[in-house]
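Since the structure comes first, as structure tokens, the remarks are kept for the end.
Residue numbering restarts at 1 for every chain, and letters A, B, ... go by the order of the sequence lines.
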Amino acid sequence: MYNFDVVTPKTVADAVAALGEEDAQALGGGQTLIPTLKQRLASPSKLVSLTGIDEIKGIRTDDSGVLCIGGGTSHSTIAGEGSAYPALAALAGNIGDPAVRNRGTIGGSLANNDPSACYPAAALASGATIVTNSREIAADDFFQGMFTTALDDAEIITEIRFPVPEKANYQKFEQPASRFSLVGVFLAKYADGVRVAVTGASNDGVFRWSEAETALSSNFSVDALDGLSASSDDMIADMHGSAEYRAHLIGVLTKRAVAAAG
Amino acid sequence: MAKVQMTVNGKSVSGEVEGRTLLVEFIRGKLELTGTHIGCDTSQCGACLVHVNGQAVKSCTMFAAEAEGAEVTTIEGITGKDGSLTAVQQAFQDYHGLQCGFCTPGMVMSATALLKDNPKPSEAEIREYLKGNICRCTGYHNIVKAIMAASGQDVGAIAAE
Amino acid sequence: MPKDHGIGASSKRREDVRFLTGTGNYTDDINARGQAYVHFLRSDVAHGRITNIDTAAASEMPGVVRIFTGADFEGIGSIPCGWQVTDRFGEVMHEPPHPVLAQGKVRHVGDPIAAIVADSLAEARDAAEAIELDIEELPAVVNMKDALKDGAPKVHDDLPGNLCYDWGFVEENREAVDKAIKEAAHVTTLELVNNRLVANPMEPRVALGEYNRANDESTLYTTSQNPHVIRLLMGAFVLGIPEHKLRVVAPDVGGGFGTKIFHYAEEAFCTFAARQLARPVKWTSTRSEAFMSDAHGRDHVTKIELALDKDNNFVALRTDTLANMGAYLSTFAPSVPTWLHGTLMAGNYKTPLIYVNVRAVFTNTVPVDAYRGAGRPEATYQLERVVDKAARELGVDPIALRRQNFITEFPYQTPVAVEYDTGDYPATMDKLEEIADIAGFAARRKESEAKGRLRGLGVNCYIEACGIAPSNLVGQLGARAGLYESATVRVNATGSISVMTGSHSHGQGHETAFPQVVAEMLGIPEDQIDIVHGDTARTPMGMGTYGSRSLAVGGSAMVRATEKVINKAKKIASHLMEASEADIELKDGQFTVAGTDKSVAWGDVTLAAYVPHNYPLEDIEPGLEETAFYDPSNFTYPSGAYACEVELDPETGRVTIERFSAADDFGNVINPMIVSGQVHGGIAQGVGQALMEGCVYDENGQLLSASYMDYAMPRADDVPFYSVDHSCVTPCTHNPLGVKGCGEAGAIGSPPAVINAVVDAMQSGGHDVTHIDMPASPSRVWAAMNG
């Protein structure tokens, strides 16, 4: 690693101020960033650790039933205390491994927007709102291609607001080495329609499979997906699977998600 | 360099660290607690697993500076002062849950954390929990068996030695 | 009742206590006062010419002690190869130089170019980036078939064609084999890949060099399976340090699996630099560095043909293999695809005619050498896959076809040079059918199918040659070392014992199992016996641990030394009891005179040896310490039968291991608990090879599977509980313990069982798939079924 300072502010305001310095970078749980730093793929002058900021930790349900999760909340906390949104809690409980889940945070994962991460699929399928220190961003606007988001420099995710769906399910097919998603499909059924978000598969990062959404919104059944197939254009192809394989898995996992969601 | 202070195995310790100093480097280098190992650099193998404030954490994926004020427990800290083994440690010996021993401290710390949360885990729960601890020697058979035995389950029916 | 001590007892491992409490002493746990740290600047291209390297600015960076480049190693020896293969035309193999630091050219990603020694590792790494380095990139050869083509880029400038050797075995059989295949009633042909693997012991390699100016002695602490071999290779061939001025210590070593046999550039560098700088120099590999600097394993491409007569008897076997050597010859690389592979092609079968052709090829990849099994997994995989394919083509039961062709009479001289001393292949197959519940498979398949899954059963046999090896034989075959083993049994005055063994334990449990043998022979408690290993200053010249040789060869040396101790002790006892030496018996730690009630205890005799007041000084010397070197007269031949049951999800191609059973014949067993553990671990590595692991390069020689993010290591949730059995025992006839070795069996026997099962599952689903290459990953299985 290149050298840098680590600061541990206690408030969002202090963190934002610290991030104002040139080449300062936010450090969530560090479960992705620290391995990246070890490879000397990033050279921040200062890391602003967000793990000491209590005001961005925790889970609550607001008056309208929306599940609000602090950006600094760990995966293990969401797995254990996110029962208001069971599919989301189950997703959190299957990220990485227990030690990674104890450190990794939802805000860190969303800000990183790894094309194989799980949370982006949940946020996008849920039509979540990503709240930062300065604004609210709809999930549909937040994800802008792999490792790219709508966040500005020095902008911190303070909360993610998940409207809780009637039914939901996440199907993750693991890449056998990293245990990230080779393909993951998050399905959420709301009163006004079904949303299907796919992670792991596309060179553009997480995306919504609109054909499946249309079909399932009018007929929420496995049969509704018959004959539908995701296009393999722009799918990731690597040693773990071809573009065609990933496209095929999207169909399989979406059907399984519908069946599991009941 | 910045000063960091924490409690490791019940003892207050402090030292000067760079921002980039990892918790595992602090533990192994500064504190000379070499039971905690480094087996990879992508946060997967779990050889460096310790407990921070009671939670299982990979000490290679956390900066020492982030452990300011924390309670850290390493493999050296769970062994009795008289050298007595915990139930998990003893079961690993009784059921041959280790060979070269390199992954073992992390494996034991992981198993200890599991049993705290889930006193009688099933075979499947143990295997799932150990996803973040790689062992190249044992094929996991005797590790899983040892953890089941440590939690008081009858392992007599599990095949072979 | 199982025994509770001595030979055959599952004694708990004494080494466990230190490992379980964090008090083990691995090489990286050792720090020398004032040590400096080295970071290697490694090539990030597969093939290139170094046109400029300027370390001036980097040398001025904070903390830098000195930066070394290839120029500092001119006149220093090349990293040697320990085995010279002679090709089928009588020519010796091509053996290009292997510099410690690159000289002019880089030949694989990870090839070390410069070594930055600094006060801290971070400073060394910072300075590495300030080195001005220009490399003219050259086209790389990665694929072996491409490397052999006319006009292919040359990995070594003076070696057109990149061919290390073209080996034929047994060359005299060649025409007879061709004829038999041409005339056979049925020939089954299979082309397959034995995938390149990375051994991945969980402890990365470490080297710490020290130099003592006062006595001109160098010490190297290193993660090695064989410290004496490192001392010999590095001292004599690379650095020119005489053995009495060089000590090599391999303390607790966190797994080896073959990849810690070899002498590596980093070891030579740290020893060299410590002398140059008169300061300890330490290198600790990162895992990422390990992927591009530890010798890899396997990487064979093979065409195999099995000929059968009209009654399904095997009549001939022919194989044509390309074996990847990587960019340089690692220590034992040339022996792996030849003598450790070709000699096993008979397997468990009485095929009368066999011809094996192996061409070893240089490519711009990390060197390839022995990995758990080394040559024998490659032989077993080809043979057991082609037998399985033949059974399917002929519509006969794969187990029945195997049984029909089993060797049943011993000793058995194979057509590939080796002579099996003992074995009982029907017995291990019977045992396998029992523990694997083969009869119940059909019902289990129905259950799987009811869930929408395909279920497959794969069975195979294996034979291996362990206990390497008779020195005179391997000398004729090109080994540049003897392959005996040594032991010193030092009895102390009060009767306790230190056994100094040349074998090295890095997970095998020698510290527990070896004392069981000595305790049994002497009738004293195991805890009075300690094992000393891993230090050239404390143990006699030994060849180390690999090839499942420790007990068969090292244990035999220990038995011989113990026998010498007993003989001398009996002399002392006969003197003490004033009886004839011929009448002295040793039992349960007591010396008695046959037919009398006279006795003296073990401790009285050992005390007399060191306090020789009443002692036959005219006949024997005081003291009780004996050394033996044991050179085996043959290999040992463990064998067994394995079965794997898989479930296959036809929608995703994902294969899961549902049951895995292993019935082995290891000869006599010293500690059944440890033996089972060895098999478990081997199975997991074999399952890993079959389903998950694969080292992948792109066409430019970039290593794509360069970390655990892409190299799939088996984890706890990838494997089930295994059912293993080693109750079938045909003792080895030529070593004193009757033992055969168990360390590699699991890794040798399991890959074909898994792939046979995967093919069976696919065929049960109506897919016309006769073979799938390893690793049978979900995407590959899905593609095979939808191809």
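- Counting heavy-atom pairs closer than 4.5 Å to chain A, the top residue among B:Gly46, B:Ser110, B:Ala56 is B:Ala56.
- Of all heavy-atom pairs between A:Gly58 and A:Thr73, the closest is N-OG1, 2.9 Å.
- Cation-pi contact between B:Arg20 and A:Tyr2: absent, since separation from the ring centre below 6.0 Å together with deviation from the ring axis within 45° is not met.
- Residue B:Met1 does not touch chain A at all, counting heavy-atom pairs closer than 4.5 Å.
- Contact annotation for A:Ser76: only side-chain heavy atoms (C-beta onward) come within less than 4.5 Å of a heavy atom of chain B.
- In this structure, no portion of A:Leu33 lies under 4.5 Å from any heavy atom of chain B.
- For B:Leu22, the part lying near chain A is the side chain, with the backbone staying farther off; criterion is any non-hydrogen pair under 4.5 Å.
- Here A:Asn3 is the residue among A:Asn3, A:Thr8, A:Asp97 with the most heavy-atom pairs under 4.5 Å with chain B.
- Taking A:Leu27, A:Thr51, A:Thr36 one by one and counting their heavy-atom pairs under 4.5 Å with chain B, the maximum is reached by A:Leu27.
- Checking A:Glu22 against A:Ser45 by side-chain atom types alone, no donor-acceptor pair falls below 3.5 Å.
- Side-chain contact between B:Glu123 and B:Gln153 is absent, with no heavy-atom pair separated by less than 4.5 Å.
- Contact tally against chain A (heavy-atom pairs below 4.5 Å) for B:Thr42, B:Asp41, B:Leu49, B:Leu114: the top residue is B:Asp41.
- B:His37 is listed as a side-chain neighbour of B:Arg28, based on a closest heavy-atom distance under 4.5 Å.
- At a threshold of 4.5 Å between non-hydrogen side-chain atoms, the residues A:Asn113 and A:Tyr119 do not count as touching.
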